[in-house]
Structures are given as structure tokens and as C-alpha cells.
Amino acid sequence: MPVTKNNLRFEMDLHFSSLKRLSYLILVALVVYLIQPHICSSQSYWLIWSALFLSLITNGDSFKRRITMIVITGLTAAFASFIAGCLAPIVILAGIYLFIITLISAVVSQRYPRYFLQALIINLFVILASSALVSLSENTERFVLISMGVGVAALLQIIFYPYFVRNELQAYVLITLRHLKKLNTDIFSCLLEPEYPDNIYLYERRLHTSKNHFIQALSRLREVTQLAETKLNNVEKAEHELLLLNLDLLFENMLDYSQLRRRVTDYTTLSICSQELTNISREIDKSIYGLICHFSDKKIYPDTSKLTQYVNQLENNYHNVLQIASREPLVFLLFIDSLNAFIKKLNELYARPALHSGNLS
Amino acid sequence: MMSINRYTLHHALAIGLAVFSAFIVNHYFSFSHEIYMVISAFFVCQTTRGTPVKQAMIIFLIMVAALTASSLLLINIRNYQVIYVLLAVLFIASAYLSFIYRPQSNKLLFLTLLFSMVVLISTLSPIMSAEFMQNRLMDVVIGAFIGVACAFIVAPVNLERELSEGILPVLSCLSEYTQSLSETLLAPQNYKANTSLVREKVERALQGNLGVYPVWVYEAGFNRGLRYGFRFFLINVERVTEIYFSMDYLISRGMDGLIMQGLYANINNVMQKNQELLSILTEYFKYKKIEYTQSDFTSDMAELEKNLHQIVPDNLEALDISPQFLLVTAFIRDLKDLRGLLLQLVMALPATKH
């Protein structure tokens, strides 16, 4: 899909909200760079590894939980590496220890996929610590350096403290809507691309990926919303719950109108209304972008007049041509009805007050 | 208590054995006298079920590229500050990229970070041999070989079993969803209470990143012999879930109580037959046996359509002017499509030997 001005603006909005994350990563790298020359140790690179790898951790639904996650991962890695360093001279014991640590990490990351990165970091540190024979004092230095890295990664998390949950909430609203836009694009590509009937698997795979991404983002948004509810008043709580419900409804509505791709038995019929479908697809994209602006409290006043106009054009085409030319005119009627319901839902959402900027900024 | 499935245990044993073997071999036969053999064995085992060899190759090539880049960096740039800045920029770029494109699968996250992690490790760790670039690369090759060999010997994947275990949660959630939608039709005021939790369960069951749903079937290069059958099932199961979401959505729009009262008995009958088809699929994927049934899966649908045409006019102009008629027609059409898909899936089940 060609990059439109709206898509670029949308991506910039999303990236701006991630600037805190970029600042944090740069700060961690900078602090470690400033500290390292003052450390008189041949093992000082462990400080860099520890701080940088632990800065990758983004789990934790609250500020306190994230710090806890970083500290627990870092200290576990430090202790496990210390033991690996102590066992390194006895090859078979070190091998068995590595086996056990690897087994546990693999089971944890399979059973609890959200802790994959933490398990990987601990396992990697243990492997690196098994590499060379070091004295007890060097091993202790290594432990201290890893712990210092934990300190750097954890303390600099303070940058996220103001509005932690609310920033996460806003970011996931935008991410969820981004995936909704992508889903819409993939649905309409099934209707517009002439190769769809000959390459059903390829298109269905793309749809599967888009649906999966949306569902993942929505699940995460649900979790963050539950967390945010402790800090919101009743009105704000109700608004966020309604937002979740409406996002689900928009998704289900899209899946409803996507049924056209299966119900049409003669795909050449779709070429009769391809122009209308292209226009509708583009306008739905713009409408979802309008929704994003609305939730971000931007002074952009979205409306669905053009989308309504194009759906009406499709309806006229249906009455004048498709009703006669199509083998199953009913499926087009159902499709148009679904699109009209989508427009109605969008208008309802535009009419609601934006989520108050004080809550999301 | 933490439940661990067979694949998880086998996979963990394979990685553990790969790391152990690589460590022992590394101790006696390492070219570089560093730990790259073990790191290589460990990393190439970070694969999913679908295309482990292909993924292992990709990981191996990324590692080779990273080691080459790191070696060239060390050979050509003597200034530590410059090296550190380049490493930091690379690491920050990959970390930021993985962050802005969240949520990602673990596989994609790993691949995004792999190059920068290996460059960071290999550039900063002490060099233990002359010709370190060639020696490290040799160690990586041996480690990759050990990793892949262990994965194939210890954890050969039974793909049919993995597919069954992946699809079963979806089928069981869909059974619950059928029940919940039936109850909602009878008492629409309870819509939110009845369906929202079940819908969330279905959404969770469809998420590949939680490690159960078999998204690996979609990977490019998946087993040619099994590809068509597996993908047929997965695509059609997803189409079934789409129809369920669509029906849920139509109910949420509020269908006319009087019309639904007239059709409820037939709809309930159709949904029960759909439940029966879902349980045939569940039985097959659980126990690999087909539950033969004498039920008639066509006349209930025909009866429903006949009743529908008695209540709702079947000409397009009349449907066009009444939103309620259209809504009910859309719902019944969804039921019909659902029946068609479920029958296709059941008829595609391989006949079992007695």
C-alpha cells in the first residue's frame, strides 16, 4: 500500500510517544560510558552487557513491577554467573550446571512466553561466565559489575515514572488502531486483487497476521486499562471500558463485512464495483486515522461524510447493476448494511468526548 | 502447579543437551578458546516448531554476519570511544525498533536483537587467539551443527500432535461461545455478561504469541507433505471464528425480539447441531477417533430457512427497506455459512482405522 500523508503522520505520532523509550536507552548507554573508565577491572565490559541487556526489558504493568522485573532478572543473572564462574574449572560440573540452567530457562520461556527475554538474558550471562577460568576475586568483581549494571538500568527507569500507566495506555490505543487499519487494508485487498481466488492461502495468511496483531494489541490494552482503573475516577473508568468495547465491536464489524470475500462465488463480479471498493477502503483508513486524532485530543475534526458518499455510490451500483449482474445479490446487500453500521459506530465514537487530555498526557 | 506439555520438555532437553555438548566439545576442540561454540548451539535452538532448520540457518547466518562485522570493527578501528559509540548506536537502534513495532512474537523479537547482541558480545569480550575472526567463525559453525543435531535427535516434532494441541483450545472455546450466544439470544439483556468473557477466551486461544496456537503452520518453508492439509484446517478454523465474531456483533446490534421469538427454537436446534460438529472435531483432535453420528445436518438448516421466509420477506427490495429484517437475515446467513464450514472440516478428517 502506498505511503500516504496520513500514514506518515500517524507513524510520527506513534514514534513521538516512544521517545521516552529512546531517551532511556541513550541515557543507559551514556551513563555506562561515563562510569566505565573509572572502573579498574579487566571485566568492566560486564557492566556494559548488564546495563544494555537489562534495558531491553519492558515487562511490568506498573513502574514498581518493571523495576522489580529488572532487578530480579539482573540479580538472578549475577548469582547464576557467579556460580558458573566458580564451577568453570571443573568441566563436567560446569557442563551439568549449564544444562540445568538452560533447561529451566527453556521451560520458563516456553511455558510463560512473556518472560522469554528475561530467561534468554540469564541463560546468556551464565554461558558467557562459563567461558574462561577466572579467580575468585575476578568472579566477585564480575558479580559486582553485573549488579552495577542492574542499578543503572533500574534507576534510569525513573524517566518513565510520570504518567507511566497513562503513557502505556495511549501508546496501546494507537497501536491497536494501527492494526485495525492494517486489517482493513488486508480485507479489502482480498476483494480488490484479482489474484485472490488463485492465491487464497497467501491472502488468508496476511489476514491471519493482521487479526493476530490486533487481538494481541487489544489484549494488552485490556490489561493496561485494568491497571489504569485504579488511578481513574468513575467517569474515566467507564469511558475506557467503553473504548475497549467499541474497539472490539469495530473489529467484529470488520470481520462481518469481510465475509463478502467468501460468499462471492464469481470474483469477476467484484470488478464491477472495484472503484467504489477502493474509495471505501481509503476512506475507512482515513476514518480510523480520524479516530486516532480524536483519542489524542488533536484539533482535527473527523467526519464520515466522504465514506458515507462512497458507500452510497456502492449502494447505487448495487441497485442498478449488481442486483442483476451478481449471482448472489443478497451478499452485497449484507456487505453494504455492515458498512453502514460501521459508519454509524464511527460517528458515535466521534460524538463522544475525547478521552480527557489530562488522562492521557 | 505448572503444567508442561511434551513439546516444551523435549525442546528444553534438546537445548540443554546442545549447550552441554557444545560446552564439552568447546573445552577440548575450540579454535578460538572462547565460548562461541556454546553461544551458537544455544542460539540456533531458539526456533519454533514449523521450520526449525530454516530458522536455524537464518540465525547462523546472522551470527556469522555479526562476528564478521565485529571483527572488521576491531581490526580497522583502534579508538575505543568510536567503537563504543558504534556499538551503542547499533544496539539502541535494534532495541528501539523492537519497541516501536510491539507487540511482537518472541521469534521476531529475538531476530531483531540477535545481530546487535552478538556484535556487542564479540566486540567487548577479550580475544584469546590470533586469527580470531576465522577461529570464532569455525566455532560458530561447529556449535550450529551441534545445536541442529540435538534438536533433531532429542526433539523431533510430531507435527500432527502439535497441531491438535494447538487447535483444541480454540475448538473448546468455540463450544462455549456457541452456548453463550444461544443464551444471549434468549436473554439479550444479558449480552455483555454472557459473551464478553467467552469472546476474550477465544481471542486468547487465537494468540500465537502465548505459545499454544499453531501459527508455525503459516511459516514459509513448512513441511510440504503436511502443508496443504494443516493450512486447510487452520484457515477454515479461523473462518469459523470470524463467523462467530460476526454473529456476536449482529446480536450486539439488537435484533427484533418478536422476529427472534418466532425463530428461536429453530436457531437453537441449528446451534446444537453445530455443537455436535464441534465435538466431533474436538474428539478427533483429542483422541484421533471420529465419533460417528446418525444426525441429519441439513434438514434443521432447511427448516430454519423455511421459517425465516415465513416471517421475513425473501425479496431484496423488502429486505433493503427494513434494517431489522436485514439483520436477522445476516445472522441466519452466518449460521448457514458456519454449518458449511464445519461440515467441510468434519468431512476432511482422515478416516481412522478400526
Side-chain angles (χ1 to χ4, degrees), chain A residues 14-15 18 21-22 25-26 29 33 42 45 48-49 52 55-56 58 91 94-96 98-99 102-103 106-107 109-111 113 116-117 120 123 127-128 130-131 175 201 204-205 208 212-213 215-220 248-249 251-253 255-256 258-259 262-263 323 329-330 333-334 337 341, chain B residues 2 4 8-9 11-13 15-17 19-20 23-24 27 34-35 38-39 42 84 88 91-92 95-96 99-100 102-103 106 109 113 120-121 124-125 199 203-204 206-211 215 218 231 235 238-239 242-243 245-246 248-250 252-253 316 319-320 323 326 329-330 333 337:
Chain A
L14 192 54
H15 293 181
S18 308
R21 179 78 193 151
L22 182 62
L25 290 167
I26 292 171
Y33 174 71
S42 56
Y45 49 87
I48 301 174
W49 287 347
L52 289 181
S55 68
L56 294 171
T58 54
V91 176
I96 292 169
L98 261 181
F99 172 80
T102 307
L103 188 77
V107 166
S109 58
Q110 287 276 326
R111 182 68 183 78
F116 166 77
L117 191 59
L120 184 80
N123 210 152
I127 291 173
L128 291 168
S130 312
S131 62
I175 288 170
Y201 166 70
E204 292 295 325
R205 182 179 180 273
H208 150 80
N212 197 24
H213 284 159
I215 289 172
Q216 265 182 259
L218 188 67
S219 289
R220 179 66 189 143
D248 238 335
L249 288 174
F251 172 64
E252 288 177 349
N253 194 339
L255 294 183
D256 184 43
S258 77
Q259 299 306 305
R262 286 188 311 99
R263 289 170 175 165
Q323 212 171 10
L330 176 63
L333 193 57
L334 297 179
D337 179 62
Chain B
M2 193 168 88
I4 304 170
T8 300
L9 200 56
H11 188 63
L13 279 170
I15 305 181
L17 189 65
V19 165
F20 175 80
F23 183 75
I24 301 296
H27 181 77
E34 298 177 58
I35 202 71
V38 185
I39 293 175
F42 175 59
Y84 182 79
F91 191 84
I92 290 168
Y96 187 59
F99 181 73
I100 59 173
R102 68 195 194 284
N106 284 338
L109 176 68
L113 297 171
L120 193 65
I121 291 168
L124 295 179
S125 55
R199 188 173 61 237
E203 286 174 359
R204 216 172 301 125
L206 288 170
Q207 287 183 61
N209 65 310
L210 296 179
V215 289
Y218 288 110
R231 286 174 180 173
I235 286 173
E238 289 198 23
R239 283 174 168 176
E242 281 180 23
I243 293 177
F245 287 136
S246 169
D248 190 338
Y249 166 70
L250 292 170
S252 76
R253 281 172 64 182
L316 295 170
L319 284 177
D320 203 0
L326 205 49
T329 307
R333 181 59 196 251
D337 290 345

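Below, chains carry the letters A, B, ... as their sequence lines are ordered, and counting in each starts from 1.
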Which pair of heavy atoms, one from A29(A) and one from I92(B), lies closest together, and at what distance? CB-CD1, 4.0 Å

Test item: R263(A) and R333(B) side chains (from C-beta on) under 4.5 Å apart, heavy atoms: yes

For a quick test of reading the model, state the closest non-hydrogen atom pair linking S55(A) to F91(B) and the distance between them. OG-CE2, 4.4 Å

d(T58(A) OG1, L109(B) CG) to nearest 0.5 Å is 8.0 Å

Heaviest contributor of heavy-atom pairs below 4.5 Å to chain B, chosen from S109(A), S130(A), A217(A), G95(A), is G95(A)

P103(B) side chain reached by Q216(A) side chain, heavy atoms, under 4.5 Å: yes

One should read off an interatomic distance between F99(B) CZ and L22(A) CG, to the nearest 0.5 angstrom, of 10.0 Å

Mind checking whether Y33(A) and Y84(B) have parallel, tilted or perpendicular rings, split at 30° and 60°? parallel

Under 4.5 Å from any heavy atom of chain B, what part of R205(A) do you find: side chain, backbone, both or neither? both

Turns out that what part of I96(A) lies under 4.5 Å from chain B's heavy atoms comes down to both

Less than 4.0 Å between a side-chain N and a carboxylate O, is that true for R199(B) and E252(A)? yes

Checking I48(A) against chain B: side chain, backbone, both or neither under 4.5 Å from a heavy atom? side chain

Could you go through F23(B) and I127(A), starting from their C-alpha distance and side-chain angles, then the distance that decides it, and tell me whether this counts as side-chain contact (heavy atoms from CB on, under 4.5 Å)? CA-CA 9 Å; F23(B) 183 75; I127(A) 291 173; over 6 Å; no

Could you look at S258(A) and say if it's the side chain, the backbone, both or neither that has a heavy atom under 4.5 Å from chain B? side chain

Report yes or no: does D256(A) contribute a side-chain atom to a donor-acceptor pair with the main-chain N or O of L250(B) at less than 3.5 Å? no

When you compare the side chain of L117(A) with that of L113(B), does any pair of heavy atoms fall below 4.5 Å? yes

Side chains of Q259(A) and S246(B), donor plus acceptor under 3.5 Å: no

Identify which of L218(A), I26(A), N123(A) forms the greatest number of heavy-atom pairs closer than 4.5 Å to chain B. N123(A)

Between E238(B) and E204(A), is there a side-chain heavy-atom distance shorter than 4.5 Å? no

Contacting moiety of D337(A), where chain B heavy atoms sit under 4.5 Å: both

Quick one: pull up CZ in R239(B) and CG in L255(A) and give me the separation to the nearest 0.5 Å. 13.0 Å

Given side chains that start at C-beta, do those of Y249(B) and L249(A) come closer than 4.5 Å, heavy atoms only? yes

Which pair of heavy atoms, one from P113(A) and one from N106(B), lies closest together, and at what distance? O-ND2, 2.9 Å

Part of R102(B) within contact of chain A (heavy atom distance under 4.5 Å): both

Counting heavy-atom pairs under 4.5 Å with chain A, the top scorer among R231(B), E34(B), H27(B) is R231(B)

Excluding sequence neighbours, so at least two apart, what forms ring pair (Phe, Tyr, Trp, His ring centres under 6.0 Å) with H208(A)? Y218(B)

Nearest 0.5 Å, what's the CZ-CG distance between F42(B) and L98(A)? 10.0 Å

Per-residue contact mode, L326(B) against chain A (heavy atom under 4.5 angstrom): both

Counting heavy-atom pairs closer than 4.5 Å to chain B, which one of H213(A), R220(A), Q323(A) comes out on top? Q323(A)

As a test of understanding, state which of R204(B), Q207(B), E203(B) forms a side-chain hydrogen bond (donor to acceptor under 3.5 Å, both in side chains) with S219(A). Q207(B)

Side chain / backbone / both / neither for L56(A) at chain B, heavy atoms under 4.5 Å: side chain

Given the rule in the side-chain contact (heavy atoms from CB on, under 4.5 Å) test, do L13(B) and L103(A) qualify, once you have shown the distances and angles that lead to the verdict? CA-CA 6 Å; L13(B) 279 170; L103(A) 188 77; 3.9 Å; yes

From I121(B) CD1 over to S131(A) OG, what is the distance, rounded to the nearest 0.5 angstrom? 10.5 Å

Heavy-atom pairs under 4.5 Å with chain A - which of V215(B), I35(B), I243(B) has more of them than the others? I35(B)

